[in-house]
Amino acid sequence: MSKGRVVEVERVEHRATYIHQGVKKHEQNAWSRYPGGNGTYVTGGEYLGVSLNVKVFVYDLEHCVTFDIRDAVLGANGCERISNKLLAFLKQNEGEKVKVAIDGNQVRLNPWDLPYFERE
């Protein structure tokens, strides 16, 4: 077991944008309904989900490691999404000490060891 400190808690949305490049100048009128210009146009996009990232500075490694704890937080709180109120509550714990496990090149964090999880 090693020790670390929570540096940052952030909610990150993941999206993909589809673009079409290389449209010649004489063909650009046909692409005018799409956003873009100069031969590059956005043709669509996709929502890929949200992650709740916790950045932890690990003292033994002397650098930060990021963990996605979204599923653990939602399961523990019985929620379906990360609300602004829940995110504000989680951000209050920035700077707290946590325990992490280091196995070779792998660093693991047990979400139940984080300060904002209450065991029943």
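Keep in mind it's a predicted model, so treat the numbers as computed, not measured.
- Val58 has its side chain within reach of Ile102: a pair of non-hydrogen atoms, C-beta onward, lies under 4.5 Å apart.
- For Glu46 and Tyr18, the side-chain atoms include at least one donor-acceptor pair closer than 3.5 Å.
- Grouping the Ile, Leu, Val, Met, Phe, Trp and Tyr side chains by contacts below 4.5 angstrom, directly or via other members, places Val12 apart from Leu74.
- In this structure, Asp68 contributes its side chain and Leu52 its backbone to a donor-acceptor pair below 3.5 Å.
- In plain terms, the two heavy atoms of Arg5 and Lys97 that are nearest each other are NH2-CE, 3.0 Å.
- The backbone N or O of Gly37 lies less than 3.5 Å from no partner atom in the side chain of Gln28, so there is not a single donor-acceptor pair.
- Shown here is Asp103, whose CG atom has more than 12 heavy atoms of other residues, nucleotides or ligands within 6.0 Å.
- A 4.5 Å side-chain heavy-atom check between Val9 and Asn93 finds every atom pair outside the cut-off.
- Atom OH in Tyr41 sits 12.5 Å away from atom CD1 in Ile19 (nearest 0.5 Å).
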**Asked** Yes or no on side-chain contact (heavy atoms from CB on, under 4.5 Å) for Val65 and Val100, after CA distance, side-chain angles and deciding distance?
**Response** CA-CA 10 Å; Val65 180; Val100 294; over 6 Å; no
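- Pairing each heavy atom of Ser51 with each of His14, the nearest pair is OG-NE2, 2.9 Å.
- When all heavy atoms are compared, the tightest approach of Val50 to Tyr47 is CG2-OH, 2.8 Å.
- Between Trp31 and Tyr34, the two ring planes are tilted [angle within 30° to 60°].
- Thr66 approaches Lys55 most closely through the heavy-atom pair OG1-CG, 4.0 Å.
- Considering CD of Glu8 and CG of Asn53, their distance stands at 8.5 Å, rounded to 0.5 Å.
- Atom CD of Gln21 is separated from atom CG of Asn38 by 11.5 Å, given to the nearest 0.5 angstrom.
- Here the shortest heavy-atom pairing between Val56 and Val98 reads CG1-CG2, 3.7 Å.
- Residue Tyr59 is grouped with residue Val7 when hydrophobic side chains (ILVMFWY) are merged at heavy-atom distances under 4.5 angstrom, including chains of intermediate members.
- In the displayed structure, Lys99 atom NZ is contacted under 6.0 Å by at most 12 heavy atoms of other residues, nucleotides or ligands.
- The local environment of CD in Glu27 is crowded, with over 12 non-hydrogen atoms from other residues, nucleotides or ligands closer than 6.0 Å.
- Atoms CD and CG, from Gln92 and Leu87 in turn, are 10.5 Å apart once rounded to the nearest 0.5 Å.
- Across all non-hydrogen atoms, the minimal contact from Phe57 to Glu62 is CE1-C, 3.6 Å.
- For the atom pair Ile69 CD1 and Ile82 CD1, the distance stands at 8.0 Å (nearest 0.5 Å).
- Atom CD in Glu10 sits 9.0 Å away from atom CD in Glu94 (nearest 0.5 Å).
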